[in-house]
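Shown next, in structure tokens, is the structure this report addresses.
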Amino acid sequence: MHGAASTPLPAALTELRGRDLLSSADLSAEQTRALLQLAADLKAGRCSIDLGGRTLGLIFTKSSTRTRVSFTVAMARLGGQTIDLNPSVTQVGRGEPVADTARVLSRYVDALAIRTFAQGELEDYAHWASIPVINALTDLEHPCQALADYLTLAECFGRREDGGLQLDALQGLTLAYVGDGNNVAHSLMLCGALLGVNVRIGCPEGFEPDQGVLDRSRQLAAGSGAVVEVLHEPVAAVHGAHALYTDVWASMGQEEEKAERERAFSGWCLDEALIAEADSRAIVLHCLPAYRGLEISAGAIEGSSSRVFDQAENRLHAQQALLAALLAPG
Ligand code: CP
Ligand code: NVA
């Protein structure tokens with residue numbers, strides 16, 4: 001049923017209507033903050049948005065549980081729908097050019113969420129499509145994940161008495177990411193820099209984040225007062241931090257490097273000993289899926305500091321806010 005009155009969006013979000021989200025850096029600090037506020041309001045039932053039957057297409061070249069399901073449920077909650085355009089059942093899998101696929105799908109659906117390998121392929125879709133294109137994970141970035149992650153941090157450190165979020169409370173917190181300088185780390189750096197959260201990446205030599213993303217993060221951090229650092233020692237990376245975060249050592253597409261990476265990351269498990277070095281209120285985050293006993297101990301992921309399942313839930317609320325902004329009726 002459509003036609004329910006939608007809560008009006010703030011100006012910072014109406015300017016996102018029709019836009020793409022390819023990188024965390026595509027959002028301004030104000031837009032990022034407004035999305036987190038809207039996500040919290042949607043989660044608490046303080047507002048309602050009706051997208052009037054709009055359709056999101058999902059083109060996922062890699063596996064996904066959280067992203068696929070949370071986008072599908074988010075669209076349903078917004079009064080819209082989703083079509084799974086898995087490349088194995090469309091002509092994408094037979095090699096139909098992106099230029100043709102993107103133009104054709106733009107005639108049928110209202111937005112595309114794309115999970116693939118190369119950021120360049122995502123950018124090609126965005127170039128040819130006349131509808132919003134959302135990065136649902138590439139080798140370079142995972143911006144939807146970062147929105148959910150900072151929503152979780154804000155819930156833990158910036159909860160107002162009325163249940164709303166006090167996002168200024170994020171300013172000056174430190175998020176320490178220990179592990180591979182990968183897609184998840186990149187979006188955490190960019191989004192954290194926008195929000196004023198200090199981001200420390202702790203990684204072994206040779207597994208640093210992309211230099212271009214680091215430079216861009218530091219540019220954005222100059223506007224918020226945050227500090228973005230790369231360290232090569234796990235205890236130094238987590239010392240006094242308010243959030244400890246890790247992700248798999250071998251991302252999708254790096255399966256053949258798994259054994260070599262496990263050797264290189266020896267000593268980098270996010271475990272109880274590292275948690276003891278952090279702030280006493282520190283929370284433990286992981287984007288999931290996780291390998292217990294490799295990048296994170298079972299005790300850390302199941303312990304009292306862990307917020308990984310709240311974080312996974314927040315994918316739904318953050319993406320609902322994002323879809324509401326990109327697809328809001330004009
Ligand atoms: N964190 C995340 O993106 O999970 P999925 O790969 O299951 O979507
Ligand atoms: N870095 C991981 C994240 C999975 C959600 C990957 O790309 O496989």
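Just so you know, ligand 1 is whichever comes first in the structure, and atom 1 is the first atom listed for that ligand.
Under the 4.0 Å criterion applied to side-chain N and carboxylate O atoms, D210 and R216 are not assigned as salt-bridge partners. Using a cut-off of 4.0 Å between Lys/Arg side-chain N and Asp/Glu carboxylate O, D180 and R261 are scored as salt-bridged.
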Inset, instruction - Please step through side-chain contact (heavy atoms from CB on, under 4.5 Å) for the pair R200 and T174, ending with a clear verdict. - result: CA-CA 7 Å; R200 284 191 214 137; T174 296; 3.8 Å; yes
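Within the 4.0 Å heavy-atom shell around ligand 1 one does not find L137. By the 4.0 Å heavy-atom criterion, K62 is excluded from the residues contacting ligand 1. Heavy atoms of D139 come nearer than 4.0 angstrom to ligand 2 in no pair at all.
Between the side chain of E277 and the main chain of I275, no donor-acceptor pair closer than 3.5 Å is present.
Contact annotation: for L288 versus ligand 2, heavy atoms closer than 4.0 Å belong to the backbone alone.
Set against the non-hydrogen atoms of L137, the atoms of ligand 2 under 4.0 Å away are 3 (C), 4 (C), 5 (C), 7 (O). Applying the 4.0 Å criterion to heavy atoms of T65 picks out, from ligand 1, the atoms 5 (P), 7 (O), 8 (O). The N183 neighbourhood of ligand 2 comprises atoms 1 (N), 2 (C), 6 (C), 7 (O), with distances under 4.0 Å to a heavy atom of that residue. Of all atoms in ligand 1, numbered sequentially from 1 with element shown, those under 4.0 Å from a heavy atom of C287 are 1 (N). Residue-ligand proximity, R115 to ligand 1, at heavy-atom distances under 4.0 Å covers atoms 3 (O), 5 (P), 6 (O), 8 (O).
Looking only at heavy atoms of the protein, atom 2 (C) of ligand 1 is closest to R315 NH1, 3.3 Å. The nearest protein atom to atom 4 (O) of ligand 1, hydrogens excluded, is given as R66 NE, 2.8 Å; this is a heavy-atom distance. Of all protein heavy atoms, the one closest to atom 3 (O) of ligand 1 is H142 NE2, 2.8 Å. What sits closest to atom 3 (C) of ligand 2 on the protein, heavy atoms only, is D247 OD2, 3.6 Å. Protein heavy atom closest to atom 8 (O) of ligand 2, with residue, atom name and distance, is M252 N, 2.8 Å.
More than 12 heavy atoms of other residues, nucleotides or ligands shown are found within 6.0 angstrom of CD on E262. In E256, the CD atom is not crowded: 12 or fewer heavy atoms of neighbouring residues, nucleotides or ligands sit closer than 6.0 Å.
For the residue pair Q211 / D215, a side-chain donor-acceptor distance below 3.5 Å is found, with atom types taken as modelled. Between the side chains of E155 and N314, at least one donor-acceptor pair of N or O atoms lies under 3.5 Å. Side chain to side chain, E141 and Q119 fail the donor-acceptor criterion of an N or O pair below 3.5 Å. Donor-acceptor pairing under 3.5 Å is recorded for the side chains of Q311 and D149.
Distances between N or O atoms of R68 and those of ligand 1 include no value under 3.5 Å. The distance criterion of under 3.5 Å between nitrogen or oxygen atoms is not met by P289 with respect to ligand 1. Residue-to-ligand polar distances keep M252 apart from ligand 1: every N/O pair is separated by 3.5 Å or more. Of the polar atoms of H142, none of the N or O atoms is found under 3.5 Å from an N or O of ligand 2, judged by distance alone.
Note: W249 and F265 have parallel aromatic rings, judged against thresholds of 30 and 60 degrees for the angle between ring planes.
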